[in-house]
Amino acid sequence: MYTYLSKISSPEDLKQLKENEIELLAQEIRCFLIDSVSKTGGHLASNLGVVELTLALHMMFDSPKDKLIWDVGHQSYIHKIICGRKEAFASLRQYKGLSGFPKRVESPHDHFETGHSSTSISAALGMAFARDLKKESFSIVAVIGDGALTGGMAFEALNHAGQSKKNITVVLNDNEMSISHNVGGLSDYLNRIRTTPIYSKVKGDMEHILSNIPAIGKSVVKTAEKAKDCIKYFFVPGVLFEELGFTYIGPIDGHNFQAMCKALKQCKNISGPVLLHVLTKKGKGYKPAETFPDEYHGVSPFKVDSGKPVAKASKISFSDVAGAALVEKAEENPKIVAITAAMPSGTGLSTFAEKFPDRFFDVGIAEQHAVTLAAGFAAEGYKPFFPVYSTFLQRGFDQVIHDVCIQSLPVTLLLDRAGVVGNDGETHHGVFDISFLSCIPNLTFMAPKDGNELKQMIDYAVNSNGPVAIRYPRGNTDVIETDNSKEIATGRGEIVYEAGKDALIIALGPMCQRALEACKQLEERGIFCTILNPRFIKPMDEFLILQYVSKCKRVYTIEDHVKHGGFGSQVVNLLNDHNIMKEVTILAYPDVFIEHGDINTIMEVYGLSSQQLFNIIDKDFAGKKSRIAMTR
């Protein structure tokens, strides 16, 4: 089926092709990619945009000796295909299958693992320092998107790399998008460069001309610095990068293989740090992805002919509930503002952005800035909400402590994708937030059992005078029938289900649904349980927990989070503080990084499914079942 792709098992195979065959290979790769991702889901638009760029990199560099570092890594699929993994693509992002990001254990061609943005230049520079200390010789290339370049870490690395004078190449893949369209001054600056096709050789030419003026020679160079700089500012489009110490080349058409190879060869021959500015089109080669690149950034399985998802979600998601609740509250309260770090659609803020453009702020991929921006708003009497993926808030930990909680400012953090998220794997699982947030003074921390309770918690946050965090998972929300007529009171939980005193199950957030399913099965075995929904991670409802712990024979906690520092650990500490000697079984993730795979599969593997909860409690009460059987 694939004439040229079938010949490629390594970068060396690529170098055996003729130039006219490369274009045909690129077409086959796009067909292969669309067909494969349509079955498994994955990051489609970003990879379609870097086909020729990836081919040129592997043509001009010698991987794995030369090191290619992919920022974020969701655009590394073509790299994986070329480097011997195309046969494994049917398992992409599936449990025990191929990762959707660079993975060192998968291949010697994957030199650095990435899942969050803006890390590639730092990693590449560290490798360059190490290379030179070892007196070795190889090339290092960091491939970073213009969206990732909005992250502060990328600027820190650019600043250091320019000062270091180390030989590294930074390829700036400029497609005008991160996940959604890019925002900010840097994006505007890159747009001006795109429309000014004058290359950075002007800088070197001017110095050469000045140095060779007859009779005056090099002595005029210093006195002419200001003149040279004036000319440079007029003619060099990449002056920002030049001033940081980089040699700027570009912009280059990233879909022109020959032009890319020529530019990369030029980069290899320049001493010191080089930035190659490449223009690409996200989603290139597949009309739906070209038209709606944000929708095809990360996709579930879809029909190739129409681009429509194979299965359409019929229920509302937690993200949708949060977004709708914020719109509703913003209509009532003009002081409510919403902030996103380049994720308006992913966090349910698209409608808010449309209805309240003056109160919606997309800061780009800059979570640290987003948190402190929210603190600034709060200091001036506003009610800022920052919906952010749990895993990305990790980057703003210091700001949450220093800028929000020390000042006890009314900033609300909506932690979307809390818990395991599925196929993106360990870099994206939000399983650490309870550990790193619940230790912070002044912070109120909640977890809703369903969408109705999430809406109530957002109401609570609007009326709060201090910092609030609310964690909720990826995916759709079931409705658990309880009395939602009462307003949520600080530090008060609820009893969701009470059938008996055999076991108390303290189920955090949506784990209540799994606990209910297990309880129904347990009753058929003669085991009767009570389910407690804590609602508040902090402050914990100590009275309610202690009251029911004293009533029930056994205690179980279940949470979509790691065990160490999680909610179950806090329950154990509570009992220890009150000298209550009762064993608590904590169902949570162990001290490992959780791999990628379907959410239900992951929960089954790690003992957090309703069936696993049933099995554990059923086994613990085996003696009771025996006595029941004897009396029948």
Side-chain angles (χ1 to χ4, degrees), residues 115 318-319 387-397 400 413-422 424-440 443-450 453-454 457 468-475 477 493 496 504-515 518 531-541 545 555-575 584-610 612-613 616:
F318 279 91
S319 303
V388 57
Y389 288 9
S390 170
T391 183
F392 296 150
L393 184 64
Q394 292 163 187
R395 296 185 152 201
F397 179 58
V400 173
L413 306 168
L414 298 179
L415 276 65
D416 202 327
R417 270 65 166 180
V420 292
V421 298
D424 282 336
E426 57 263 69
T427 57
H428 283 61
H429 291 318
V431 294
F432 302 109
D433 52 76
I434 296 176
S435 300
F436 72 75
L437 287 179
S438 60
C439 63
I440 305 175
L443 180 70
T444 299
F445 195 5
M446 297 180 281
K449 67 179 181 295
D450 59 19
E453 200 162 74
L454 172 57
M457 289 179 177
V468 173
I470 306 172
R471 77 184 308 262
Y472 47 90
R474 179 182 186 177
T477 167
V496 172
L504 171 64
I505 304 173
I506 304 175
L508 188 67
M511 302 306 286
C512 285
Q513 181 62 46
R514 296 179 186 270
I531 302 173
L532 190 154
N533 167 28
R535 284 181 170 163
F536 284 80
I537 299 167
K538 182 180 182 178
M540 182 189 294
D541 192 341
I545 291 173
V555 179
Y556 302 84
T557 69
I558 182 167
E559 61 195 292
D560 191 6
H561 190 270
V562 294
K563 181 175 182 179
H564 292 304
F567 189 77
S569 298
Q570 295 180 33
V571 171
V572 171
N573 290 338
L574 172 65
L575 300 190
V584 178
T585 300
I586 300 175
L587 281 75
Y589 300 112
D591 188 25
V592 299
F593 288 108
I594 309 301
E595 60 268 53
H596 59 276
D598 174 79
I599 290 175
N600 289 327
T601 300
I602 294 295
M603 288 197 172
E604 184 73 27
V605 168
Y606 287 96
L608 296 181
S609 67
S610 58
Q612 293 284 64
L613 177 60
I616 291 168

Check: Hey, does Gln513 have a side-chain heavy atom less than 4.5 Å from the side chain of Ser610?
Finding: no
Notebook entry, point to check: Quick one: are Phe432 and Val562 in side-chain contact, heavy atoms under 4.5 Å?
Noted result: yes
Item checked: Straight-line distance of Leu454 CG to Phe318 CZ, nearest 0.5 Å -> 7.0 Å
Check: Are Thr477 and Tyr472 close enough that some pair of their side-chain heavy atoms sits under 4.5 Å apart?
Finding: no
Notebook entry, point to check: Is there side-chain contact between Glu559 and Ile506, with heavy atoms separated by less than 4.5 Å?
Noted result: no
Note to self: Could you tell me if the side chain of Ile440 sits less than 4.5 Å from the side chain of Phe445, heavy atoms only?
What the structure shows: no
Check: Do the non-hydrogen side-chain atoms of Leu415 and Leu437 ever get within less than 4.5 Å of each other?
Finding: yes
Margin query: Walk me through whether Leu508 and Thr557 qualify under side chain to side chain contact (heavy atoms under 4.5 Å, CB included).
Written below: CA-CA 8 Å; Leu508 188 67; Thr557 69; over 6 Å; no
Notebook entry, point to check: Is there a side-chain contact between Leu587 and Gln612 (heavy atoms, below 4.5 Å)?
Noted result: no
For residues 594-601, please give each side-chain donor-acceptor pair under 3.5 Å, one per line with the distance, not counting sequence neighbours.
unit_1, atom_1, unit_2, atom_2, d
Glu595, OE1, Tyr606, OH, 2.6
Glu595, OE2, Tyr95, OH, 3.4
His596, NE2, Gln94, O, 3.2
His596, NE2, Gly97, O, 3.0
His596, NE2, Leu98, O, 3.4
Asp598, OD2, Asn600, N, 3.0
Asp598, OD2, Thr601, N, 3.2
Asn600, OD1, Arg514, NH2, 3.3

Next item on the list: Sequence neighbours left out, what pairs pass side-chain hydrogen bond (donor to acceptor under 3.5 Å, both in side chains) with at least one residue falling in residues 428-437?
Entry: Ser390-Asp433, Asp433-Arg471
Checklist line | Listed once per pair and sorted, the salt bridge (charged side-chain N to carboxylate O under 4.0 Å, His left out) pairs that draw on residues 560-572, sequence neighbours left out | finding: none
Margin query: To check you understand the geometry: which heavy-atom pair defines the closest contact between Val431 and Gly419, and what is its length?
Written below: CG1-C, 3.8 Å
Checklist line | Donor-acceptor pair, side chain of Arg474 and main chain of Val421, under 3.5 angstrom | finding: yes
Next item on the list: Compare all side-chain heavy atoms of Met511 with those of Ile505 and state whether any distance is below 4.5 angstrom.
Entry: no
Notebook entry, point to check: Does any N or O in the side chain of Gln394 come within less than 3.5 Å of the main-chain N or O of Thr391, such that one atom is a donor and the other an acceptor?
Noted result: yes
